[in-house]
Amino acid sequence: MPGHIVKGLYEVLDERFSSGRCTNGDGRLEVLYDGCRWAEGPVYLPAWRQLVWSDIPNDRLLRWDESSGAVSVFRSGAGHVNGNTVDRQGRLVSCEQGNRRVARTEPDGSLTVLADRYAGKRLNSPNDSVVRSDGTVWFSDPDFGILSDYEGHRAESEIGACNVYRIDPATGQVHLAADGFDGPNGVILSPDERHLYVSDSRAARIRVFDVADDGTLSGDKVFAEAAKGVHYDNIRLDDQGRLWAAALEDGVHCYDPDGTLIGRVLVPETASNITFGGPKNNRLFITATTSLYSLVMSVTGAVRV
């Protein structure tokens, strides 16, 4: 293994990073926008060739148009949205940590609240979500948005814990999916929807669960643990089973399917969130502190079947 070889934008920690063509894309990051206070939650909308992302302290969702490069406000007074995703109908699902709820944007622009309470108690501040093909939603609920007024509204936790929940698509009922987290953050399903990955920012690890047909989780395992001083935010998978993690001050990490850290993408700001998009799903979008970056890669993001 070559180990710790820096090739411009990339740091190769294992030969699988370069042999897997992970370093064969653009040699520099492209800055698409740099006017945020704290950017997170990028999600690519293929039908519109647009990217929507969150500027949490400014309480707005922004939109970047791939055809023109124009940036506009998608929604202001957005409830301090953090993570965004889309369901199989192309509807935007947002974790509104200021409003302490998960909401869906309908085709007519109206909002449907999917979850705002568990067992009669208000959620903390939903952070990230993922939607299965049958409409099941899993979301993380740390307390980040209620710790201060910067990214939400300061308040006491009614639940007293930071968990991952599941929304039943038939009944709308919110179930406890997994607990034992310090600060659950990014969530993502494997392409076959049989595994759910969850990053735990405060514990500096990524856990993986087996997913049953009814949406219950089992087989809790540690997929990866970060080095001292490194913490994860959101996570994504590529079509070769590699896991990519926004690792804040440590850039973007790439993990082999066996959990080995094989390389890094070096980012000049704190890398908060990532997502794949573009017509070929090989453009990595990175939100980092004030900016939205992109990187066209020879790596393709995973598509769920």
With a 3.5 Å cut-off and no angle check, do the side chains of Thr85 and Ser129 form a donor-acceptor pair? no
Any non-hydrogen side-chain atom of Glu269 less than 4.5 Å from a side-chain atom of Leu248? no
Could you measure the distance from the CD atom of Gln97 to the CG atom of Asn99? Nearest 0.5 Å is fine. 10.5 Å
Whether Arg207 engages the ring of Phe181 as a cation-pi pair (distance to the six-membered ring centre under 6.0 angstrom, angle to the ring normal within 45°) should be assessed. yes
Anything under 3.5 Å between a donor and an acceptor, one on a side chain of residues 101-113, the other on a protein residue two or more places apart or in another chain? List them.
residue: Arg101; atom: NE; partner: Glu96; partner atom: OE1; Å: 2.5
residue: Arg101; atom: NH2; partner: Glu96; partner atom: OE1; Å: 3.2
residue: Arg104; atom: NE; partner: Glu106; partner atom: OE2; Å: 2.9
residue: Arg104; atom: NH2; partner: Glu106; partner atom: OE2; Å: 3.0
residue: Thr105; atom: OG1; partner: Arg75; partner atom: NH2; Å: 2.8
residue: Glu106; atom: OE2; partner: Thr112; partner atom: OG1; Å: 2.6
residue: Asp108; atom: OD1; partner: Ser110; partner atom: N; Å: 2.9
residue: Asp108; atom: OD1; partner: Ser110; partner atom: OG; Å: 2.6

Hydrophobic clustering (ILVMFWY, side-chain heavy atoms < 4.5 Å, transitive) - are Ile146 and Phe144 grouped together? no
Proximity of Tyr197 and Phe223 rings by center, below 6.0 Å: yes
Given the side-chain rings of Tyr293 and Phe285, with only the six-membered ring counted for Trp, is the space between their centroids under 6.0 Å? no
Value rounded to 0.5 Å, distance of CG in Leu243 from CD1 in Ile235: 5.0 Å
Would a single hydrophobic cluster contain both Val267 and Ile262, if residues Ile, Leu, Val, Met, Phe, Trp and Tyr are joined by side-chain heavy-atom contacts under 4.5 Å? yes
Among Asn84, Thr287, Asn82, Asp59, exactly one meets side chain to side chain donor-acceptor pair (under 3.5 Å) together with Ser54. Which residue is that? Asn84
Distance alone, cut at 3.5 Å: any donor-acceptor contact between the side chains of Asn273 and Glu40? yes
Contacts of Arg117 that satisfy salt bridge (charged side-chain N to carboxylate O under 4.0 Å, His left out) - sequence neighbours left out: none
First locate atom OH of Tyr255, then atom OH of Tyr232, and finally report the distance between them rounded to the nearest 0.5 Å. 2.5 Å
Side-chain donor-acceptor pair present, Ser140, Asp128, cut-off under 3.5 Å: no
